[in-house]
Amino acid sequence: MSPRSADSRCNDFEREGLLRMEQGLEPSAHERGCPECQAARTSYLALRESVRHVGEGGHPKLGWQSRVLAKTRDAERSRRWIPGLFAGGAVLTLAGLVAIGVVPSKESAREESLELNVLSTPTQVRGEGASPGSTVEWVLRGPPGPTRSLRLYRDDRTFVVACPGDTPCSLKDGELRLRATIETPGTYRALWLSSELPLPSQGLDADVARAKTQGLRFGLSEPLHVH
Amino acid sequence: MTSAVLPGRASSHSPHVPPPDDESEVLALVAAGDRDGALRRLMDVHGEALYRFCSQMVGDQVPVDDLHQTIFLDAHRDLRRFSGRSSVKAWLYAIARHRCLDALKGRRRWLRRFQLGTVLPEVHSDVASPEEQLVARSGRVGLERCLGELAVQSRMAVLLRFQQELEYPEMAALSGEKAATLQMRVARALPVLRQCLERGGEAR
């Protein structure tokens with residue numbers, strides 16, 4: 001047998017040994033007698049192990065589960081609407097009657113809406129958002145009847161305040177209003193819930209999950225970045 | 001109405017501790033018609049790993065957070081049709097595979113349509129920050145860059161096999177390819193990866 005370079009022996013491993021490794025087969029007789037091939041195997045095993053850990057520093061943003069759950073609800077609502085829209089004339093006719101005010105829009109009256117307003121900022125903020133010291137309000141509107149509450153979270157995990165109940169809340173003409181001056185930087189997001197029973201907060205993800213489990217109506221505000 | 005100053009009440013909840021992977025629980029929830037519960041379980045068990053997979057698959061070409069959430073939305077929609085022929089994990093990664101490939105295709109289409117010339121390479125500063133140097137020394141950046149240099153199908157096979165630790169039969173089921181083809185693809189991709197790392201993670 002003619003002597004071969006370490007490179008060619010390593011190439012042997014790359015041609016055959018790697019595939020055998022992936023097929024879960026034992027090393028060949030050649031590999032068992034070839035220190036270079038064994039070294040190559042060890043090196044590839046280390047490479048495979050490195051790939052196992054790749055990207056370990058990356059995590060989804062906080063509150064992502066809540067956002068998915070909220071979107072599933074929106075998607076289901078849309079899907080329920082689509083057949084109705086394709087049902088044709090009846091819907092169009094009704095929409096026309098609503099438009100000219102003959103029939104009150106029960107759907108629009110049934111929908112809650114959550115509005116976010118930055119009322120004042122002490123310093124100019126580049127782009128969207130607010131700065132510490134800004135006065136902000138969230139206004140929840142909806143039909144009379146159901147008991148609604150509003151919860152504010154910072155960075156999707158820290159529960160900040162709940163309405164009704166805490167100081168910065170007011171309820172007038174069916175509008176639940178949370179107005180506050182925000183001092184701590186972070187990303188703020190409000191969650192509204194329609195529930196007859198008080199629900200202690202366990203954090204945004206847990207609160208949304210519980211709302212879905214209990215079949216409650218709920219919604220999330222757009223995030224407000226305070227920086 | 002006067003506004004109140006928010007004190008920043010500190011009552012953060014503890015971070016999620018992923019529960020053990022329990023496919024039978026997901027199946028039981030689906031059978032009971034509790035798709036939301038099944039989705040929550042899937043997100044708890046697979047959310048982080050799937051995010052890592054998507055990040056490596058699409059790199060910085062596509063917003064990973066949107067892609068990641070879309071995969072779980074698709075899963076929620078399709079859970080009622082899940083037949084149990086494959087493992088839940090393989091089924092979920094089949095959705096992820098389609099979504100990643102679609103996102104990359106969409107990105108390529110966009111580049112073809114809106115960019116006149118070829119894509120300019122990213123400009124890297126000659127002087128790396130201390131943090132970059134530290135990370136580069138650990139080899140992670142090089143490995144991630146080299147994974148990005150692999151052909152899409154090879155990258156996917158390598159990630160599914162080693163990062164996500166799927167077995168070849170599961171990979172075959174989720175991709176519709178033969179296990180032998182995937183084994184060959186991985187065996188051919190590893191030397192390319194090694195050579196790239198030996199060049200310091202730079203593209204050829």
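In this text, all values refer to a predicted model and were calculated from it rather than measured experimentally. A note on names: the letters A, B, ... follow the listed sequences, proteins ahead of strands, and every chain is numbered from 1.
- Aromatic ring centroids of B:Y93 and B:F53 lie under 6.0 Å apart.
- Here A:R52 is the residue among A:R52, A:E49, A:Q23 with the most heavy-atom pairs under 4.5 Å with chain B.
- Contact between A:H227 and A:P132 at its shortest, heavy atoms only, is O-CD, 3.5 Å.
- Both the backbone and the side chain of B:L190 come within contact range of chain A, with heavy atoms under 4.5 Å apart.
- Looking at B:R188, there are no atoms closer than 4.5 Å to chain A (heavy atoms on both sides), in backbone or side chain.
- Interface remark: of the candidates B:Q163, B:E165, B:M43, B:Q69, B:M43 forms the most heavy-atom pairs closer than 4.5 Å to chain A.
- Taken from CG in A:L152 to CG in A:L191, the straight-line distance is 10.0 Å, to the nearest 0.5 Å.
- Using a 4.5 Å heavy-atom threshold, the side chains of A:S149 and A:C163 count as separate.
- Looking at B:F162, both its backbone and its side chain come within 4.5 Å of chain A, counting heavy atoms on both sides.
- Proximity to chain A is absent for every atom of B:L182, based on heavy atoms less than 4.5 angstrom apart.
- For B:Q164, no part sits under 4.5 Å from any heavy atom of chain A, backbone or side chain.
- The candidate from B:M184, B:R40, B:R161 with the greatest count of non-hydrogen atom pairs under 4.5 Å with chain A is B:R40.
- Of the listed residues (A:P60, A:G58, A:G133), the one with the most heavy-atom contacts under 4.5 Å to chain B is A:P60.
- Checked against a 6.0 Å centroid threshold, the rings of A:F218 and A:W192 do not count as neighbours.
- Neither the backbone nor the side chain of B:V64 comes within less than 4.5 Å of any heavy atom in chain A.
- Taken to the nearest 0.5 Å, the CG atom of A:L216 stands 13.0 Å off from the CZ atom of A:R148.
- The side-chain contact (heavy atoms from CB on, under 4.5 Å) with A:Y153 is formed by just one residue from the set A:D207, A:V161, A:T187; it is A:D207.
- Of all the listed residues (A:K172, A:M21, A:K71), the one sharing the greatest number of non-hydrogen pairs under 4.5 Å with chain B is A:K71.
- The aromatic ring centroids of B:H68 and B:F72 lie less than 6.0 Å from each other.
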